Amino acid sequence: MVRVLIFGATGYTGIELIRLLSGHPDVRIVGGTSRDWAGRRASDALPYLSRKQDFPLLSIADMTEKAGEDLAFLALPHGQSALTAETLLEAGLKVIDLSADSRLNDVTVYQKWYGEHQAPNILEKAVYGLPEIHRSLIKKADLVANPGCYPTTVLLGLAPLMNLKELDTDCPIVDSKSGVSGAGRGAKLTTSFCEVGEGFKPYGVLRHRHIPEMEQELTRLGGRTIKVRFTPHLIPVSRGMVSTMYIPMRDDTSGSALREIITGYYEKETFVRVLPAGVYPDTERIKGSNQCHIAVEVDERTGWVIIMSAIDNLVKGASGNAVQNMNLMVGLEETTGLTGLPIFP
Ligand SMILES: NC(=O)c1ccc[n+]([C@@H]2O[C@H](COP(=O)([O-])OP(=O)(O)OC[C@H]3O[C@@H](n4cnc5c(N)ncnc54)[C@H](OP(=O)(O)O)[C@@H]3O)[C@@H](O)[C@H]2O)c1
């Protein structure tokens, strides 16, 4: 039995980890952290937990002091994760960091977008945790940087196409829409009901912090510098995220040829589905599952390719992907605990 801790157990991704791990046959959650609920039981914060699923909640300081478990999930805000990761790695735990603190290889890039890094030493140990692309490295890693939700849609959608000579992938246009849980559970004016309940708007234009992460990983995939033109939007749903990406063509190709290439790339993958012609990703068809749905079309009239990609931001975009990483890191079958179908309607 793998013994795990969840730091930030009372936030959206922490709660989603508890939901997914409660159905995992080989894992036991032995503790979690929260500032508000420290000293209480997880079932005080989440009354639907059974006695068997329950565990104690402590402060980060108390939890790190006696941590002797196998693995820790850090579902903490960026800036809070780095020092915790450093301490836990020193104590011999494997760490999966859901925050951005481990994702960027270059500390100066981190500082530009996020501010001072609290433990830059961890960056050289971190493996970027998108299993469909970095599986063999994740298996050997002690610290895995779980990807951001927008980058997951973008990287899974674009990875198979980055080196096709027919396409100009140097600067894709990325137009993304996210449900409000992507902003976390903490009360904020910008995500309160009257601000987002019936509207739909772009935000973070030109400055969203997922831009450097997408560029880092697309550059790695393409073997040359890649930039993205990224505009995220907030939509009035709790979960779900769609990215629609536009790439100009250099040479003729067809939707069926590109669909075949993407299907071939993900042939052995359990969680990535390439949709048939004329079927498009829909957040209602992936909600609660670890699936990513991808569609592609060629617009012959304008000479552009359109790639569409959808995930549940809390599952494949965060906690489900983190459990997939955990399975790889501890030598379990990668899909364990993650094969549940979407919740529909
Ligand atoms: N939401 C998503 O869709 C998503 C997707 C991918 C990645 N992520 C990343 O995953 C991490 C967690 O996201 P989330 O949406 O779960 O956030 P969240 O809902 O705001 O939860 C954050 C958790 O951390 C604790 N916390 C908050 N501030 C803290 C602080 N200063 N020191 C220590 N603990 C603190 C909170 O509990 P207390 O306030 O009781 O301490 C809570 O348990 C973030 O880094 C986020 O960027 C989120």
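Remember, it's 1-based here, ligands and their atoms both numbered in the order they're listed. Here the structure is a predicted model, which is why all the values come from computation and not from measurement. Numbers here simply count residues along the sequence, with the first being 1.
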Any N or O of [X] that comes nearer than 3.5 Å to an N or O of ligand 1?
| X | value |
| --- | --- |
| A100 | no |
| T33 | no |
| W37 | no |
| L76 | yes |

Requested in this report: Please say which of D175, T152, T153 ends up in a side-chain hydrogen bond (donor to acceptor under 3.5 Å, both in side chains) with S243.
Outcome: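 Per the side-chain hydrogen bond (donor to acceptor under 3.5 Å, both in side chains) rule, the option paired with S243 is T153, out of D175, T152, T153.
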By number and element, which atoms of ligand 1 are closer than 4.0 Å to a non-hydrogen atom of [X]?
| X | value |
| --- | --- |
| S34 | 38 (P), 40 (O), 41 (O) |
| D36 | 40 (O) |
| L98 | 7 (C), 8 (N), 9 (C), 10 (O) |
| S99 | 45 (O) |
| P77 | 24 (O), 26 (N), 27 (C), 28 (N), 29 (C), 35 (C), 45 (O) |
| L314 | 1 (N), 2 (C), 3 (O) |
| T10 | 37 (O), 40 (O), 42 (C), 43 (O) |
| G317 | 5 (C), 6 (C) |

Query raised in the report: Backbone N or O of V296 within a donor-acceptor pair of the R259 side chain at under 3.5 Å?
Result: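 Such a contact is found between R259 side chain and V296 backbone.
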Query raised in the report: So, does D312 use its side chain to make a donor-acceptor pair with the main chain of I286 at under 3.5 Å?
Result: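 Flag not set: sc D312 to bb I286 has no pair under 3.5 Å.
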Side-chain contact test, heavy atoms from C-beta onward, threshold under 4.5 Å: evaluate it for [X] versus [Y] and give yes or no.
| X | Y | value |
| --- | --- | --- |
| L158 | I247 | yes |
| H24 | N327 | yes |
| P236 | E198 | no |

Name the closest protein heavy atom to [atom], giving the residue it belongs to and the distance to 0.1 Å.
| atom | answer |
| --- | --- |
| atom 35 (C) of ligand 1 | R35 NE, 3.6 Å |
| atom 42 (C) of ligand 1 | G11 N, 3.5 Å |
| atom 32 (N) of ligand 1 | Q80 OE1, 3.5 Å |
| atom 13 (O) of ligand 1 | T13 OG1, 3.6 Å |
| atom 3 (O) of ligand 1 | N313 ND2, 2.9 Å |
| atom 15 (O) of ligand 1 | G184 CA, 3.2 Å |

Requested in this report: Taking atom 28 (N) of ligand 1 as the reference point, report whether a protein heavy atom occurs under 4.0 Å from it.
Outcome: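 Yes.
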How does [X] reach ligand 1, if at all, at less than 4.0 Å between non-hydrogen atoms: by side chain, backbone, both, or neither?
| X | value |
| --- | --- |
| I60 | side chain |
| S181 | backbone |
| R185 | both |
| A9 | backbone |

**Report entry** K201 atom NZ, over 12 foreign heavy atoms within 6.0 Å
**Finding:**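 Enclosed.
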**Report entry** Presence of salt bridge, K165 and D251, under 4.0 angstrom
**Finding:**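 No, this pair does not count.
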Query - Electrostatic pair E269:R135 at N-O distance under 4.0 angstrom - result: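 A salt bridge links E269 with R135.
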**Report entry** Polar side chain donor-acceptor pair, R224 to T169, under 3.5 angstrom
**Finding:**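 T169 and R224 do have a side-chain donor-acceptor pair below 3.5 Å.
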Query raised in the report: Judged by modelled atom types alone, do E213 and Y150 share a side-chain donor-acceptor pair under 3.5 Å?
Result: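 No, no side-chain donor-acceptor pair sits under 3.5 Å.
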Query raised in the report: For ligand 1, is there an atom lying under 4.0 Å from some heavy atom of A75?
Result: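 Under 4.0 Å: yes for A75.
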Query raised in the report: What heavy-atom pair brings Q53 and S22 nearest, and what distance separates the two atoms?
Result: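 Of all heavy-atom pairs spanning Q53 and S22, the closest is NE2-CB, 3.7 Å.
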Requested in this report: Step by step, work out the side chain to side chain donor-acceptor pair (under 3.5 Å) result for E297 and Y280.
Outcome: CA-CA 10 Å; E297 293 289 359; Y280 303 116; 2.7 Å; yes
Query raised in the report: What distance separates I122 CD1 from D101 CG, expressed to the nearest 0.5 Å?
Result: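 Going from CD1 on I122 over to CG on D101, the span is 6.0 Å.
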